[in-house]
Number of protein chains: 2
Amino acid sequence: MAKQAGLGRDGAQVVHKVLSLLKEVSASRGRGTKLTALAEAAGLPVPTAYRLLAALLAERAVERDEATRGFRLGPLLWEFGLAAAPDVDIRRFCAPALDRIAAATGDSAYVNCRSGDDALCLDRREGSYPIQAKPIAIGNRRPLGVGATSLAVLASMPSNEVDAVVDANAARYRRHGLTAERVRSAVEATRARGFAVSTGRIVARFRGVALAIGNGVGGVPVALSVIAIEERLDLARIETTVALLRREEQALRALLASEPEIQQKGSMP
Amino acid sequence: MAKQAGLGRDGAQVVHKVLSLLKEVSASRGRGTKLTALAEAAGLPVPTAYRLLAALLAERAVERDEATRGFRLGPLLWEFGLAAAPDVDIRRFCAPALDRIAAATGDSAYVNCRSGDDALCLDRREGSYPIQAKPIAIGNRRPLGVGATSLAVLASMPSNEVDAVVDANAARYRRHGLTAERVRSAVEATRARGFAVSTGRIVARFRGVALAIGNGVGGVPVALSVIAIEERLDLARIETTVALLRREEQALRALLASEPEIQQKGSMP
DNA sequence: CGTCAGTTTCCACATCGTGGAAGAAATGCG
DNA sequence: CGCATTTCTTCCACGATGTGGAAACTGACG
């Protein structure tokens, strides 16, 4: 009753439900996400989510941690991933820069890219500093605008797309203690400032700074970031870190400009 | 009308249809598979396949090659793959062996594993010989029993599972010029012989020999293979190649026995 | 042993997907 | 070229299939 759109939608809404669920399953790292949480996050009634997840479970598209009863993505999706090598390998393209950033700062460094209405963690390097921020693992996703890296990605997109995405995500922001309004002004602030910092307390006690790579890599919005505990990322350190990020960003941008078409068909080695 | 099962199946059959389609999309390499072919292979009416694929297209789960009108897996699935790191990294485990095999023979070497009723190409090395067999790319799948590598995987499985799989695949074998009968006797022959050779002409002018790794890696049936043009793989050469494969297989088996739990959580580096 | 959050089953209802058929496009062939 | 053939896309009446509220169940915790 009262789906979301009342207009002549094109068929196969189940596909959308299933993929929403899978996106939520891949949203967080660790021992998996509980049924109830997934259902709520995907905007589905619990029994519906249950039925779909049960079907996905039978096909090995998701797994269930017997201890915590949490769902994670299953081997079938990993297998599909093998066959679905991306046309532009953003990950490989950014890897050297990531290495240098993590080495220079000693903190965790991340690359995120846009994936629909989400930011996706493409890669990560752990620095040498004893207290590491690992709130996000490779493959995790969160709504565009939630968290420093994600916000940097969002802010680098054309304004009309930003509007569309923020509207689409409006409901999801609540779960992160945000609103569409706050995200919109955070985008403004990011653009004015030239880089992004964490919006609110996404993960307590951690702070991040992030910088988008020009207007994307191969048409896909991308951002680099450094995340560390609050105490460590004080104003002075933010300044140095941003300078470092900007240097790497410019280097990557130069590379983009020189190479006619960034390396194609990267497969996953 | 007359689905396949008439019994009180558990819900969400759409999930099965969607995943069948995706499996077929990932079955073959190259510029993508045509709608009609996918529909037939997945056992769905064309309009149904069309609707589902259109929905998947809108969500970036599949892409369409504008030139050939063929479907391939899309970036969303690659992204899911990032988050769905397998518990046992068979690929990494077999990599050194693959390297050695390809180097020693000069031909293409493959690792396949079981994935449901399919064999999945996990990894591949190209040898130095000028004429290379590349019928199969990483991530491609075919029904268990079709092709040397796939047959070796199948034959290494317990007999009751073999029966179940062959029954389930019966309809699909036709599309490869095989029957359940022929596959069953090929399994017998493989077990008697100790290794598998290509069943019929899967890919014209090529021949393969394959050997399963004991009874699997971390519970998953796996096989190694070498594929070359027919002329090259004559009887004498088959003997040498099998000996080489067997040596590698024994080495891997020894490794498995020594390591308590083969490397966990391999992610995809 | 009672409470509660999370999970699973149930089932009457109607929505949503279904697939045959027919209309468009694209492709092949004479 | 223009007709024939294949492939793709849209349409739509039908009813099977998925839906989701409610209720039973499980087991963790106090």
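Reminder, nothing fancy here: chain letters follow the sequence lines and each chain counts from 1.
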Can you check the [X] [atom1] to [N] [atom2] distance for me, whole Å?
{"X": "B/Glu66", "N": "C/dA25", "atom1": "CD", "atom2": "P", "answer": "15 Å"}
{"X": "A/Leu57", "N": "C/dT8", "atom1": "CG", "atom2": "P", "answer": "9 Å"}
{"X": "B/Lys34", "N": "D/dT9", "atom1": "NZ", "atom2": "P", "answer": "12 Å"}
{"X": "A/Leu21", "N": "D/dT19", "atom1": "CG", "atom2": "P", "answer": "10 Å"}
{"X": "A/Tyr50", "N": "D/dG18", "atom1": "OH", "atom2": "P", "answer": "16 Å"}
{"X": "B/Glu40", "N": "D/dT7", "atom1": "CD", "atom2": "C1'", "answer": "14 Å"}
{"X": "A/Leu52", "N": "C/dG17", "atom1": "CG", "atom2": "P", "answer": "11 Å"}
{"X": "B/Leu53", "N": "C/dG17", "atom1": "CG", "atom2": "P", "answer": "15 Å"}

query = With a 4.0 Å cut-off on heavy atoms, is A/Pro47 in touch with a base, just the backbone sugar-phosphate, or nothing at all?
reply = base
inquiry  = Students often get this wrong, so: under 4.0 angstrom with heavy atoms, is B/Val14 touching a base, only sugar-phosphate, or nothing?
reply    = sugar-phosphate
Taking only the side-chain nitrogens and oxygens of [X], find out if one of them lies under 4.0 Å from OP1 or OP2 of [N].
{"X": "A/Lys17", "N": "C/dC16", "answer": "no"}
{"X": "B/Arg69", "N": "D/dT6", "answer": "no"}
{"X": "B/Arg51", "N": "D/dT10", "answer": "no"}

query = Is there a side chain to side chain contact (heavy atoms under 4.5 Å, CB included) between A/Val166 and A/Tyr173 once you walk through the steps?
reply = CA-CA 9 Å; A/Val166 173; A/Tyr173 289 140; 4.0 Å; yes
remark   = Between A/Val15 and A/Arg64, whichever has its closest DNA chain C nucleotide further toward 5' is A/Arg64
ask   = Within a radius of less than 6.0 Å around CG of A/Asn215, do more than 12 heavy atoms belonging to other residues, nucleotides or ligands occur?
value = no
message = If you apply the rule side chain to side chain contact (heavy atoms under 4.5 Å, CB included), what do you find for B/Lys23 with A/Leu76, and how did you get there?
response = CA-CA 9 Å; B/Lys23 285 177 189 170; A/Leu76 182 62; 4.0 Å; yes
ask   = Is B/Asp118 reaching over with its side chain to a backbone N or O of B/Leu120, donor-acceptor style, under 3.5 angstrom?
value = no
ask   = Counting N and O atoms only, with roles assigned by atom type, does the side chain of B/Asn169 sit under 3.5 Å from a partner on the main chain of B/Arg172, one being a donor and the other an acceptor?
value = no
ask   = To the side chain of B/Thr36, which of D/dT9, C/dT8, D/dT7 is closest?
value = D/dT7
